[in-house]
Amino acid sequence: MLPDQKLQESAAAFPIPAGVFAETVTSVVHYTDRLFRFRITRPASFRFRSGEFVMIGLPNAEKPVFRAYSIASPSWDEEIEFYSIKVPGGPLTEHLQKIREGDTVLMRRKATGTLVNDALLPGKRLWMFSTGTGIAPFASLIRDPETYEKFDEIILTHTCREPSELIYGSELVAAVRKDPLCADFAGGLRLYSTTTREPSPRMGRITDLMKSGKLFRDLSLRGICPVADRGMICGSMAMLRDTKAALEGFGLTEGSNSNPGTFVVERAFVD
Ligand code: A2P
């Protein structure tokens, strides 16, 4: 892909807005023609909890377009990672997908969100339900030792249209298991990936797999119960609605930062 010449030129032409960090891109990896990951430098004063999101933009206009992005790296990481979709004609992602190492990304100073360990009541098993780029906040949480201190078992489900869209998640989990720093605490992590439109070893929407019981049979579990199980959901509006209904059907109730519950929900923002 050619560097975005317009982006480079315009970046020099516009001042950085007040109250915003201007950070440098340190790496970019393209997974498919729809998905990419990038990492930026981390400002020393930037604090967040694993699982939170932040607003990001590009220095390519007087009033840059900002969009909410889940931070995919854990809170201890020296850099900040994001996992993004490329929306044709999307006001931010059309330009963002062309960034290169050394380019500047703008980031607002405050991170927030409900997919955090503090918004859940204590439990034994944590389910992370994701579709598409909704895996990003879980990429942060499965690299945070605190998640494993709070739960004996973590089950990350990731559903995409086609197998190539599962690569980010499978590489991530493999890396967590191999990393000597994480391997000690990540023994309880399981990944359950499915596709819906192109063939792969496991197929179907996670909501259908819960309904049929196949998810639980595959994992040798009895099901989901409000005493031991906790849930986090991140995906499209329709996926959130249906997965939330499924968890409520098992007797779980939605929580928030101010009122922790047995599951929490967040939209995968950019569309
Ligand atoms: P499907 O292919 O059957 O629509 P998208 O890229 O559109 O966000 O979809 C990502 C994944 O989420 C796809 O595998 C899609 O399945 C699945 N999905 C879409 N809507 C729902 C829903 N309401 N409940 C569960 N999974 C969904």
Side-chain angles (χ1 to χ4, degrees), residues 29-38 51 53 67-70 72 82-94 96-97 113-115 126-142 155-173 190-219 221 223-224 229-254 262-271:
V29 177
H30 293 269
Y31 291 91
T32 69
D33 55 3
R34 289 194 338 131
L35 294 167
F36 70 114
R37 170 200 97 164
F38 59 98
F53 66 86
R67 290 284 183 269
Y69 268 79
S70 288
F82 298 103
Y83 182 52
S84 179
I85 195 157
K86 307 172 192 179
V87 184
L92 176 60
T93 65
E94 186 177 64
L96 194 62
Q97 64 179 281
T114 51
L115 298 184
L126 175 58
W127 294 84
M128 299 170 165
F129 297 100
S130 69
T131 54
T133 55
I135 194 174
F138 305 136
S140 171
L141 284 158
I142 65 168
I155 300 171
L156 168 60
T157 83
H158 191 207
T159 302
C160 293
R161 298 177 185 191
E162 28 185 283
S164 61
E165 296 171 340
L166 297 174
I167 295 172
Y168 175 78
S170 55
E171 286 185 355
L172 174 78
V173 168
R190 300 168 83 179
L191 174 65
Y192 188 88
S193 312
T194 72
T195 58
T196 49
R197 301 198 190 182
E198 296 290 335
S200 75
R202 283 202 193 107
M203 294 200 63
R205 287 186 173 193
I206 200 67
T207 40
D208 294 334
L209 295 163
M210 274 196 263
K211 212 175 285 167
S212 68
K214 184 170 184 331
L215 170 67
F216 308 118
R217 287 195 297 279
D218 286 348
L219 294 170
L221 295 172
I224 289 179
D229 293 275
R230 301 291 173 260
M232 290 183 169
I233 316 174
C234 190
S236 64
M237 290 307 281
M239 177 273 192
L240 298 186
R241 183 197 58 219
D242 294 348
T243 313
K244 177 180 147 103
L247 294 190
E248 285 170 346
F250 289 116
L252 274 62
T253 49
E254 187 170 355
T262 47
F263 77 91
V264 281
V265 169
E266 200 127 84
R267 190 178 159 217
F269 298 90
V270 176
D271 50 22

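Counting starts at 1 for both ligands and their atoms, following the listed order. From a predicted model like this one, the values you see are computed outputs, not experimental measurements.
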Discussion item. Show me the pairs that pass salt bridge (Lys or Arg N to Asp or Glu O under 4.0 Å) and involve residues 234-254, at least two apart or across chains.
Written reply: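 Passing the test, one end in residues 234-254: K244-E248, K244-E254.
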Discussion item. Quick check for you: to the nearest 0.5 Å, what is the distance between I135 atom CD1 and S70 atom OG?
Written reply: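 I135 atom CD1 to S70 atom OG measures 11.5 Å (nearest 0.5 Å).
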Practice prompt. To the nearest 0.5 angstrom, please state how far the CE atom of M128 sits from the CG atom of L141.
Written response: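 So the gap between those two atoms works out to 4.5 Å.
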Worksheet item: What does the list of residues with a heavy atom under 4.0 Å from ligand 1 look like, ordered by chain and number?
Response: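 These residues qualify: R34, T131, T159, C160, R161, T196, R197, R205, T207, A238, M239, D242.
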Item to complete: Not counting sequence neighbours, which residues clear ring pair (Phe, Tyr, Trp, His ring centres under 6.0 Å) with F138? List them please.
Response: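 Per chain and number, F138 pairs via ring pair (Phe, Tyr, Trp, His ring centres under 6.0 Å) with no residue.
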Practice prompt. Please name all residues satisfying ring pair (Phe, Tyr, Trp, His ring centres under 6.0 Å) with F263, sequence neighbours left out, ordered by chain then number.
Written response: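 Listed in chain order: nothing, the list is empty.
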Discussion item. Classify the ring geometry of F216 against F250: parallel below 30°, tilted from 30° to 60°, perpendicular beyond 60°.
Written reply: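 Rings of F216 and F250: perpendicular, over 60°.
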